[in-house]
Asker: 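Mind looking over this structure? Questions follow.
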There are 2 protein chains.
Amino acid sequence: MSRVLSGKPYVSDALRQRVLETIRELDYRPSRVARSLRVQRSRIIGLIISDIQNPFFTSVVRAVEDVAQQRGYAVFLCNSDEDVDKESTYIELMLAEQVAGMIVSPTASSNEVYRRLVEQRVPVVAIDRRVDGVPMDTVVSDNVHAACAVVSHLIENGYRRIGAILGVPGASTGAERHQGYVTALAHHGVPLLPELVRSGLPRSQNGYELTLELLAQSQPPDAIFTGNNLLTIGALRAIHEAGLGIPDDVALAGFDEMDWMFLVKPALTVVMQPAYEMGQRAAELLLERIVDPDRAPQAVVLQSTVKVRESSRRAAMRA
Amino acid sequence: MSRVLSGKPYVSDALRQRVLETIRELDYRPSRVARSLRVQRSRIIGLIISDIQNPFFTSVVRAVEDVAQQRGYAVFLCNSDEDVDKESTYIELMLAEQVAGMIVSPTASSNEVYRRLVEQRVPVVAIDRRVDGVPMDTVVSDNVHAACAVVSHLIENGYRRIGAILGVPGASTGAERHQGYVTALAHHGVPLLPELVRSGLPRSQNGYELTLELLAQSQPPDAIFTGNNLLTIGALRAIHEAGLGIPDDVALAGFDEMDWMFLVKPALTVVMQPAYEMGQRAAELLLERIVDPDRAPQAVVLQSTVKVRESSRRAAMRA
DNA sequence: ATCTCTGCTGAAATCGATTACAATTGCAGC
DNA sequence: GCTGCAATTGTAATCGATTTCAGCAGAGAT
C-alpha cells in the first residue's frame, strides 16, 4: 500500500514497518513512469536552449539545475540548435513526457506553439528571448538599453563608423540589440549606415564571416559592436587574421563575459548579462507557476552592466 | 485503435482513414508516458556528464544529440557536477524514468552502481572515463599515451622541472594522465619531484590555486603540464597574475583545444582529444547495445594528437 | 451446404503507481 | 446495548497506450 510512502496518515506503525521491510527486501524502486501516468505530471522540468555550446546558456543551465535540484525536480535538457522545427519537436516531446513545466529560449519571437501551451495551461517560461503576443512568464535582460549604452560608449570615445554584427532579428535578442544600436546612433546624431550592419545565426563562424565582410569594405568601420558572445569570438578571429590592431585599427565591444576573457589582450569591453541569475529567476517563476497555474504572467527584466575595458579605448584623433 | 500507427498489417484502408481523421480532429497526441509504461522502455537516452560548463563535454553532448536525434531518440541530459552522489541519484532517476539506455562520464572509477546496471541488463556506456572491474561499453581516449607524449615533448624541448596540475585521481582521466606524466619522466631519466605534482577537481578555480602553489615554491617549475582544459584556464590566470612569461619563465602544455585559443598569445601547446567523435561513438555503442543487450562489451580507445605551439617552445639554455 | 481459413475488428487484459471507495474494527457517547 | 464516528486496511478503478484474444464476415475448399 502506497500510503506508507508520501507519509499519508491513517497507517499503523506495525503495517508501516512491515511495508518498509518488504520494500527493502525486494529492492523496490517505484516507477516514475507509472506515477507520471497516474498523476498526470512528473517531477521533471524541461529546459530547451538554443545552443549548448554557448557559455551564456551553460550558465543558465547550471542555475536552472541548481534551483530544480533544490526543489526535488530533475532537468530534462535539450538543444534546439537555433532551429524552430527542432524546438517545436522538443516541446511536443516534453509535453508527451508530461513534464511539470518547461523553460525555453525561443528561437523565433513568433511561434504559435507557445500560444497553445499557454492556453492548455502548461507551465512555461521564456528565457533570454521574448515571444510576441503571448501572455507568458518571461525572463530577459534589458537588451535595448544595454546595447544602446555600449554603442553610446563607443560614440563617446570618438568612434563614428560603428559596424554591428548581430544575431538574426527573428530572435528578440537580435532585434532588441539592433534597436539599441540604432537608438544610440540616433541619440548622438551619428548617421546609420546600413552597409555596416550584418546579422546571422549567433555562431562563431558567422561572426567571423560577417566581420570579414565589414572589414573588406572600401570604407571599413572604425569600431564593431557584436551582439552575442560567439559572434564576438568570430569577430576577434577575423580582426586577428586581418592583422588589425584593437582598438587602434578597429575597436570592439560585445555581449557577454566569458571566463577566459582575462587572457585576451587588449581586454574586451563587454555587456555583462547576469546569466546565472536569469536561470535562477526563470526556474523560480516556473516553479511558482506549477504551483499556481492561474497566476498572472510576469515579465522579469534584469539589468546588464557595461564593463569598459581597453578594446574600446578612446580613439586617437583622426584626420 | 493503435494498429493504424506503427503501420501494423490487418487494417482496412477505410478504417485507417477514419482513425487518421479522428486523430486530426481531436489534435490527438499520444502519451509517451503511457507508452513507456506499457512497453517498459522509452525512446529516451540518458546522458550524465560531470560538468556542463566544460567545452569538452558540450562537444560530447552535441555529438550524442546529433546521433540520437537521427535515430529518433531524445536526450535527457544531466549534470553530475563531479559529485558521486548526484551522479548516482541521476542514474536512479534515469532508471525510474525507463530510459532506453544511458551514457555517463563516471566521476569515480569505482562505483557499485554500474555493476548493478550491467547485471540488470540496462544499456550503459562510460565515456571519457573508465569504471574499474565492470565489464561495460567504454569510450575513452588514450590518456596515458597522450600525456606521455606531451610531457616528453616538454622534456625534449629542454624543460626539466615539469610541474603537473591534474584532475583528481579518482577519475580515470586524472589517474591515467598522471601515469603518462610519470612514464615520460622515467623514460627520459628525469627525476620525479612529488612537490611539483598537484591534483584537484577539474575546475578553473582549482587550476588557478594549484598553479599559484607551484609557482610559490622556492624552486618553481620551469614548465607546467595541465591535465584538463579548465585547469589550463586556471593555470593561465595564475601565470598571468604572477607576471610570468610563457614559455620563457614557465612553459605550458595541457589538454583539450578550445575554440577561442587562437586568441591566446603565445599559442598553447595542447593535446587535442576527439571530443565530438567520442560522443558519436558512445551514442552508437549505446544504440547497438539497446538493440542487442547481450553483445560483448566493447572498449573503444580513440587517439589524441599533440598540437605543438609556442607555449612549449624550446627553452633557452639555462645555467 | 458445411467447414476452414484468412483478413479484419472490437473488447479486454496489461504495465505500476495513485486514489477513491468500501469494509472492518475499536471505542466513545447516549 | 445501540449508534456513530474515527482509524485502519483491503479492493478496485484509473491514467493511456500496447497487445492479446476472441469473434465475425466472406472467400475458397471439400
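Just so we're on the same page: letters track the sequence lines, and every chain starts at 1. Because only heavy atoms are used, hydrogens play no part in the values below, and waters and symmetry mates are left out as well, while side chains stay in.
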Asker: D:dG16 P sits how many Å from A:Glu97 CD, rounded?
Answerer: 15 Å
Asker: I need the CZ-P distance between B:Arg43 and D:dA17, as an integer number of Å.
Answerer: 17 Å
Asker: Side chains of B:Gln273 and B:Ser141 only: does a donor on one sit below 3.5 Å from an acceptor on the other?
Answerer: yes
Asker: Donor-acceptor pair under 3.5 Å: do we get one between A:Arg38's side chain and the base of D:dT14?
Answerer: yes
Asker: Can you measure B:Arg32 atom CZ to D:dT18 atom P for me and round it to whole angstrom units?
Answerer: 11 Å
Asker: What is the distance, rounded to the nearest whole Å, between atom CG of B:Leu95 and atom P of C:dA17?
Answerer: 13 Å
Asker: State plainly whether the residues A:Arg116 and A:Glu119 are in salt-bridge range, i.e. N to O under 4.0 Å.
Answerer: no
Asker: To the side chain of B:Leu37, which of C:dC15, D:dC15, C:dA17 is closest?
Answerer: C:dC15
Asker: Under 4.0 Å between a side-chain nitrogen and a carboxylate oxygen: does that hold for B:Glu65 and B:Arg71?
Answerer: no
Asker: Is the phosphate of D:dG16, meaning OP1 or OP2, less than 4.0 Å from a side-chain N or O of A:Gln40?
Answerer: yes
Asker: With a 4.0 Å cut-off, would you call A:Asp81 and A:Arg203 a salt bridge?
Answerer: yes
